[in-house]
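Everything below concerns the one structure shown next.
Please read all numbers here as calculations on a predicted model, not as lab measurements. What you see below is based on every heavy atom in this structure, not just the backbone, and it leaves out hydrogens, waters and symmetry mates.
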Amino acid sequence: RLRGISRSLLIAVGGTGHRVLLDIRQRMIQKYGSTDHVPIVSYLLLDTDEAIFTSNPNFSEAANLPSADKIHTSVHGVDQLRQNLHQYPHLRDWLDPRTLSGDIAQGAGAVRARGRLAYFWNYEKISRRIEEKYTEITKDASKAAAMRRGLQVSEGVTVYIVGSLLGGTGSGMFLDLAYTVRQLLKSQPMLQVVGIFTVPPHTAAAAVDNRPNAYASLLELNHYSDANTEFTAQYRPDQPGVASIDPPFRYTYLVDSSSPR
């Protein structure tokens, strides 16, 4: 029996995060028979690549995520956005117009700014789904169902954000996603946000062009983990922005992407 499990939301970002999520779901099915048997654990995938809606044949049908748990963070009309960027004050302060070439639908092209733009563009959909997932894992019926299976459910809530810092989607979204979770769930006194990310290995195996993404991501992670630094972002021009001096994650785990496990 697994004891002391916290109510958990696992959010995968990008292709690497997607594969990790499927592996976790497969293991949960092997242990409990179905992911439905552990309703205090829920899953959500964010990706800029529309290929997320294709099932992964390396995992069972049950392990593959249903469409309702996937958000395709696409951006259409990017060329028009570049021409009218002055009309988007919440974007123009950080968004380099040179990255605005072609729609975002089949990945972020390993460009962090495009990954972050996709997050801003789909913020309302993402935030709404996070709140819905939180409600699912914290309702009394979910806790009771888990306890009937011998699980002791703690009062805390843990949100895991999983992905790669090599590509444009994960490295472009991970910080905004962490602070969004903190903002949306700030009423939860026992909230923990945990980041698990792959980084380039100590070999020549990683694409050289992608290593700057990981380097820039780690610089930003270190910067906002400093108590003297404030994170600010405004995701919609008609809504208040997010501001926080807290670090984005309670714990951060960096994994060599060449590791076989």
| request: Measure from the side-chain N and O atoms of R112 to the backbone N and O of A214, and report whether any donor-acceptor pair falls under 3.5 Å. | output: no

| task | Provide the full list of ring-ring contact (aromatic ring centres under 6.0 Å, His included) pairs with a residue in residues 217-254, sequence neighbours left out, each pair given once. | result | Y119-Y235, F120-Y235, Y123-Y235, Y179-F231, F197-F249, Y224-F231

| message | Tell me the closest heavy-atom pair linking S8 and S6, and the distance in Å. | response | OG-O, 2.9 Å

| request: Taking salt bridge (charged side-chain N to carboxylate O under 4.0 Å, His left out) as the test, write out the residues that go with D79, two or more places apart. | output: R82

| Shortest non-hydrogen contact between A12 and L21, atoms and distance | CB-CD2, 3.8 Å

| Would you say the side-chain atoms of S142 pair up with the backbone N or O of T138, donor to acceptor, closer than 3.5 Å? | no

| field | Q234 and Q239: side chain donor to acceptor below 3.5 Å | value | no

| Under a 4.0 Å N-O cut-off, is there an ion pair linking K143 with E155? | yes

| field | Shortest non-hydrogen contact from R116 toward A233 | value | NH2-CB, 4.0 Å

| query | Quick one: salt bridge (charged side-chain N to carboxylate O under 4.0 Å, His left out) partners of D23, sequence neighbours excluded? | reply | R27

| Do we see a donor-acceptor contact under 3.5 Å between the side chains of T198 and T16? | no

| Shared hydrophobic cluster for M190 and M147 (ILVMFWY, side-chain gaps under 4.5 Å) | no

| request: List in chain and number order the residues that pass salt bridge (charged side-chain N to carboxylate O under 4.0 Å, His left out) with R236, two or more places apart in sequence or in another chain; answer none if no residue qualifies. | output: E124

| query | In terms of hydrophobic clustering (I, L, V, M, F, W, Y; side-chain heavy atoms under 4.5 Å; direct or indirect links), are L254 and V159 co-clustered? | reply | yes

| remark: Residue set satisfying side chain to side chain donor-acceptor pair (under 3.5 Å) with D36, at least two apart, ordered chain then number -> none

| request: Among residues two or more places apart or on two chains, list those pairs meeting side chain to side chain donor-acceptor pair (under 3.5 Å) that have a residue in residues 182-197. | output: Y134-Q188

| query | Do L184 and L9 belong together in a cluster built from hydrophobic side chains that touch within less than 4.5 Å? | reply | yes

| request: Measure from the side-chain N and O atoms of T73 to the backbone N and O of D47, and report whether any donor-acceptor pair falls under 3.5 Å. | output: yes

| said: Would you say L46 ends up clustered with W121 if hydrophobic residues are merged whenever their side chains have heavy atoms under 4.5 Å apart, either directly or through other cluster members? | reply: yes

| request: Check whether any side-chain N or O of D69 sits under 3.5 Å from a backbone N or O of L45 as a donor-acceptor pair, and report yes or no. | output: no

| query | Counting N and O atoms only, with roles assigned by atom type, does the side chain of Q26 sit under 3.5 Å from a partner on the main chain of S60, one being a donor and the other an acceptor? | reply | yes

| Ignoring hydrogens and geometry, is there a side-chain-to-backbone donor-acceptor pair from H72 to T48 under 3.5 Å? | yes

| Donor-acceptor pair, R7 side chain versus V153 backbone, under 3.5 Å? | no

| Is the Lys NZ or Arg CZ of R25 less than 6.0 Å from the centre of F59's six-membered ring, within 45° of the axis? | no

| D103 side chain to V78 main-chain N or O, any donor-acceptor pair under 3.5 Å? | yes

| note | Here the gap from D246 atom CG to S225 atom OG, rounded to the nearest 0.5 Å, amounts to 10.5 Å

| query | Does R128 come within less than 4.0 Å of E131, counting only side-chain N to carboxylate O? | reply | no

| Hydrophobic cluster membership, L185 vs L177, 4.5 Å side-chain cutoff | yes

